[in-house]
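For ligands, and for the atoms within them, numbers begin at 1 and follow the listed sequence. Just so it is clear, the model here is predicted, and its values are computed rather than measured. These numbers come from the heavy atoms of this one structure, side chains and all, not from hydrogens, waters or symmetry mates.
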Amino acid sequence: MVQAPISPGKQAAEASTSPGKKVSRLEGIKERSQFLREPVATELAQDTTHFSEDGIQILKFHGSYQQDNRDNRIKGQEKDYRMMLRTRNPGGLVSPELYLTLDELSDKYGYSNIRATTRQAFQLHGILKKNLKDTMASIIRSMGSTLGACGDLNRNVMAVPAPFKDKPEYVYARDYANRIADLLTPQTPAYYEIWLDGEKAVTGEEHPDVVAARQRSGTIVHDNVEPIYGTHYMPRKFKCSVTVPGDNSIDVYTQDVSLVVIVDENKELQGFNVLAGGGMGRTHNKEETFARIADEIGYVDKDDVYDLVKAIVATQRDYGDRVQRRHARMKYLIHDWGVEKFRTKVEEYFGKRLQPYKSLPEWTFYDYLGWHEQGDGKLFLGIHIENGRIHDRGAFKIKSALKEIELRYRLPIRLTGNQSLLLTEIDPADKAEIDHILSSNGIDAEDQINLLHRHAMACPALPTCGLAVTESERAIPSVLDRIQSLLNKLGLKQEHFVTRMTGCPNGCARPYMAELGFVGSAPNSYQLWLGGSPNQTRLAQPYMQKMNIDDLETTLEPMFAFFKKGRQSGESFGDFCDRIGFEAIRNFSESYIPAKKASGRRKHRVGVSGEIYQQLKDAAANKGLSMAQITEDAIAAYLNNQTN
Ligand code: SF4
C-alpha cells in the first residue's frame with residue numbers, strides 16, 4: 001500500500017492504487033527493500049554471477065542494470081551476465097578525475113568503451129557482478145555517483161550544456177539543475193553502506209535552500225527516510241531538465257518536468273516557466289501507450305521553485321498509476337486528467353496558484369560542436385561522438401585522444417543531450433595542441449563531420465540491452481551512409497535532418513521527436529516515424545509499421561524525391577512531411593518510378609488487376625505497411641499453404 005502523504009489528504013494514497021486493483025509487483029519489492037538496501041546487499045556478498053529478479057529491480061535505483069551479452073548466448077548454457085553502470089551528472093558535468101576513472105574502469109572491468117548517453121551521463125558496459133562493488137566504489141571515490149541514474153525516481157537532471165560564463169541565464173540553468181538534482185536525491189544511507197561499506201563519501205555541499213526545502217511541510221512524508229519520495233519512491237522513472245529561453249539542446253518537451261530560466265532586463269533571475277508531462281516510451285500495438293510532448297503549465301517565482309517541484313513530484317507520487325507500470329509515467333496522469341485538473345492538483349499541494357506561462361522566443365537546437373568562447377577568456381570545444389561510443393577502432397581513436405587530453409590538461413567535461421561532449425575551461429594557448437591530439441587520433445574537425453551523422457542518435461540496443469528487438473547503434477552508421485547515397489543520387493547532397501534510431505519502442509534515443517525515426521519492431525525491421533521538427537518541438541507520427549531494413553532505399557527514395565519536388569524554400573524534411581501529410585506521401589510513393597534502379601534487395605514485378613491494386617493500396621494505408629510488404633507476406637503465406 002502506498003503511504004499516505006501528509007497533505008493535502010489521505011485520499012491521494014488510495015487514488016494512486018486504483019481501489020480494488022492490485023499494485024504492481026515492483027511496489028512490493030520497493031517496500032521490502034528497506035529503502036533500497038535489500039536484496040542487493042545480501043546478494044552482492046554471494047558468490048554468484050547474477051542477481052535475482054528482485055535484486056535486479058533494486059539494483060536499478062543504484063544506477064545499474066543487469067544485462068547479458070546477447071551475442072554470447074548459447075542454448076543450454078548460462079547467460080554471459082554483465083552489469084551496466086550509469087553515472088548521475090546533473091547538467092552533464094564530469095570532472096577530469098571522474099572521466100579518467102571511468103576510462104580506467106572500462107579497460108579493467110568493462111568492454112573498453114564508455115558511452116555518452118542521451119541524458120548527459122556516461123555508461124559503462126560489461127561489468128561482471130564480482131567487479132561491481134570495486135567499480136562503483138571507484139566512481140564514488142572520484143566524486144561521481146550512480147545513485148538514481150536508473151529506477152523509479154528522479155533521473156539525471158539535464159541542463160543546457162554550454163558553459164557560457166557571460167550569459168547569466170546559462171549560469172542559473174546549470175546552478176538550478178544541481179539544486180533540483182540535490183533536492184530529489186534519495187536520502188537512504190543504503191547506497192554508501194553497500195558500495196563503500198558505510199564510509200561517508202565526500203560529496204558537494206548542498207545549497208541551504210535545498211536542505212530547508214527538502215524538510216518543509218506540505219508535501220513530504222513525515223518521519224520517513226525519504227521525506228519526498230516515501231517508502232515506495234515514484235511509480236515510475238521521472239525526468240527533469242533546466243534550460244534557457246530559445247535553447248532546446250536538451251529536448252525540453254520530452255521531460256516529465258522542464259524549467260525555463262526567466263530573468264529581468266538586468267539579467268537577474270526572476271523565476272521559471274514550467275512544462276510538464278513529456279515522455280517517449282511506448283509499446284508496439286498497445287494504443288494506450290504513446291509518446292507525448294510536455295504541456296506549458298505555468299510560471300513560478302524563483303523562491304517557490306523547490307516547493308513547486310516537490311508539489312509536482314508529490315502529485316505523481318500519490319496519483320501516478322502503481323497498478324500498471326506501462327501506464328505509470330506522469331504523462332499518462334496528465335493525459336487522463338487533462339492539464340487543468342493536473343494543474344489544480346499541483347496547486348493544492350503547492351498551496352498557491354501557478355502564474356501564467358511567459359512568452360518565449362522560438363526554440364533552436366544547438367549541438368555546440370567546434371570551438372566557442374566561454375565568455376571569460378577561456379574556450380570550450382564540442383566533440384562529436386558517433387552514437388556516444390567512446391572507443392578506439394582502427395584509425396579512429398577518440399578514447400585515446402580524450403585520455404591524452406585529460407591527462408595533460410584536466411578539463412571539466414559537459415556532456416550534451418545528444419551523445420556528444422564539450423571540453424571546457426580551455427586556455428586559448430592550448431587550442432592548437434588539442435586540435436593536433438584530436439586530428440592525429442583520427443577525429444574529424446567540426447566542419448568535416450557528415451551532417452546526417454552529426455544530427456543522428458541511436459540507443460545501444462544489441463547486444464547489451466535486454467529489451468532490444470533489433471539493432472540500433474551498430475546499424476545506424478551504415479543506414480546513414482545509405483541515406484546519404486540516396487540523397488546524393490537525387491541531387492540532395494547537402495540535405496540533412498534529424499535521424500534517430502532505437503532497438504525497441506522504449507525510445508531511449510527519443511526517435512519520436514526525429515524528422516526521420518526508426519523504431520525497432522522485429523528483427524531487421526523498424527517502424528518508420530516522420531514529421532518531427534529540426535528544433536525538436538513537434539512529435540513525429542508513425543508512417544509505416546514495419547520496414548525491413550533491406551527496403552530502406554525503395555521506401556525512402558520516393559519520399560525524398562517528393563520532398564525535392566514539393567518543398568517550400570528552406571523547408572526541412574520533417575516540416576515538409578508534417579505539412580504535406582502522409583496520404584500525399586503515400587500517393588506519390590505509389591506512383592513513383594525510380595530514376596535509376598535503387599540499390600538494396602532486388603525486386604521483381606508482378607502484375608495485379610486494378611481492383612486488387614486498389615484494395616492493396618487501401619490495406620497498405622490502413623495498416624501502415626508498404627504494398628510490397630503486404631504482397632510479399634500474402635504470396636509467402638499462399639505458397640506455404642500449397643506446400644503443407
Ligand atoms: Fe534498449 Fe529499447 Fe532503450 Fe534501445 S530504446 S536502449 S533497445 S530499451
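For F122 and Y99, the ring centers are positioned less than 6.0 Å apart.
Counting atoms of ligand 1 from 1 in the listed order, those under 4.0 Å from a heavy atom of P460 are 6 (S).
The environment of E287 atom CD is sparse: at most 12 non-hydrogen atoms of other residues, nucleotides or ligands sit within 6.0 angstrom.
Counting only protein atoms, the N, O or S atoms lying less than 2.8 Å from atom 2 (Fe) of ligand 1 are C504 SG, ordered by chain and residue number.
Scanning for ring pair (Phe, Tyr, Trp, His ring centres under 6.0 Å) contacts around H384 gives an empty result, with sequence neighbours left out.
Residues K403 and D103 are paired through a salt bridge, judged by an N-O separation under 4.0 Å between the basic side chain and the carboxylate. Ion pairing between D71 and R73 fails under the 4.0 Å rule for side-chain N and carboxylate O.
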Handout entry: Intermediate values then yes/no, ring pair (Phe, Tyr, Trp, His ring centres under 6.0 Å), F573 and F560
Key = CA-CA 8 Å; F573 179 62; F560 293 155; 5.2 Å; yes
